[in-house]
Amino acid sequence: MDTCYIETPLGIAKIVGDKDGITHVSILDNSENTSDSIPESLLECVTQLKAYFNNQLKSFDLKLNPEGTDFQKKVWKQLSKIPYGKTISYLDLAKQLGDAKTIRAAASANGKNPLWIIVPCHRVIGTDGSLTGYAGGLHRKQWLLNHESEYKQQSLF
């Protein structure tokens, strides 16, 4: 697997993948050095992430190859349908999956999303509108929601 580290406004992102697709994108809390060179298999992912942070991209078009259970992959696919700048609740997510009773399982799968930002798990919030759990930290979730909201408003003019 190829790996690289890039600077983002939220810290250093680790990107892992190969010719079969991107398997993992995460934000690190430590101060890893950024990569001097980007492997060819990760170049498009790096380009699209930079475009996202520069308000030039609202949806990703990448070959993805995350590891997970069939249910987790179903949840991640559903997360990818949440429009840029919009949020849904965990209950809405479970209902979209076909059964409101799967809310806990859906929330667990959401929390195990291996493709930070690309699969927008940050767009899922509590039923009451509160920010709830986020592997990257609630401050990053808030930043991402603000980033998308601000860009969406700017692009209306």
Side-chain angles (χ1 to χ4, degrees), residues 1-88 90 92-94 96-98 105-125 131 133-155:
M1 285 284 175
D2 295 325
T3 303
C4 73
Y5 300 87
I6 64 166
E7 180 92 29
T8 77
L10 296 171
I12 302 296
K14 177 181 180 182
I15 304 168
V16 180
D18 60 19
K19 63 178 177 43
D20 295 323
I22 303 300
T23 60
H24 190 84
V25 177
S26 60
I27 190 73
L28 305 177
D29 284 323
N30 61 8
S31 57
E32 185 73 38
N33 290 329
T34 57
S35 300
D36 292 330
S37 64
I38 307 298
E40 173 110 13
S41 64
L42 307 179
L43 192 55
E44 186 58 28
C45 183
V46 169
T47 299
Q48 289 189 32
L49 280 170
K50 287 181 178 182
Y52 169 87
F53 283 115
N54 288 324
N55 294 329
Q56 299 168 331
L57 182 80
K58 290 185 177 183
S59 68
F60 294 89
D61 184 18
L62 297 166
K63 185 176 183 182
L64 304 176
N65 190 20
E67 291 184 18
T69 66
D70 288 343
F71 181 76
Q72 287 171 334
K73 289 178 181 179
K74 183 178 176 183
V75 170
W76 301 335
K77 184 176 182 178
Q78 192 64 39
L79 291 172
S80 295
K81 296 177 182 178
I82 304 170
Y84 182 95
K86 299 282 187 188
T87 58
I88 65 168
Y90 289 97
D92 291 335
L93 176 61
Q96 289 173 4
L97 293 165
S108 176
N110 186 60
K112 291 183 172 107
N113 170 23
L115 295 164
W116 179 65
I117 297 179
I118 295 168
V119 173
C121 58
H122 61 277
R123 296 179 188 154
V124 183
I125 59 174
L131 296 186
Y134 188 64
L138 290 180
H139 66 288
R140 290 188 179 112
K141 183 173 188 166
Q142 185 67 66
W143 190 98
L144 291 166
L145 293 174
N146 289 346
H147 172 74
E148 292 183 4
S149 177
E150 289 168 9
Y151 179 58
K152 184 179 169 198
Q153 288 174 5
Q154 289 173 5
S155 63

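One is the number of the first residue; the rest follow in order along the sequence.
To the nearest 0.5 Å, atoms CD (Q142) and CD1 (I125) are separated by 10.0 Å. One finds the CZ atom of R123 at 9.5 Å from the CD1 atom of I117 (value rounded to the nearest 0.5 Å).
In terms of modelled atom types and a separation under 3.5 Å, the side chain of W76 and the main chain of A109 share a donor-acceptor contact. For the pair E67 (side chain) and T23 (backbone), a donor-acceptor distance under 3.5 Å is absent. Judged purely by atom type and a 3.5 angstrom limit, D20 has no side-chain atom pairing as donor or acceptor with the backbone of N65. The backbone N or O of P83 lies less than 3.5 Å from no partner atom in the side chain of K58, so there is not a single donor-acceptor pair. Panel note: side chain S35, backbone I38; no donor-acceptor pair is recorded below 3.5 Å.
The shortest distance between side-chain heavy atoms of I15 and V46 falls below 4.5 Å. I82 is not listed as a side-chain neighbour of L93, based on a closest heavy-atom distance of 4.5 Å or more. Residues S26 and L28 meet the side-chain proximity criterion, which asks for heavy atoms closer than 4.5 Å. The side-chain heavy atoms of H122 and L145, taken from C-beta on, include a pair separated by under 4.5 Å. In this structure the side chain of K73 never reaches within 4.5 angstrom of the side chain of K77, judged on heavy atoms.
Sorted by first and then second residue, the ring-ring contact (aromatic ring centres under 6.0 Å, His included) pairs with a member in residues 11-57 read Y52-F60, Y52-H147, F53-W143; sequence neighbours excluded. Counting only residues at least two apart or on different chains, the side-chain hydrogen bond (donor to acceptor under 3.5 Å, both in side chains) pairs with a member in residues 2-12 are D2-S41.
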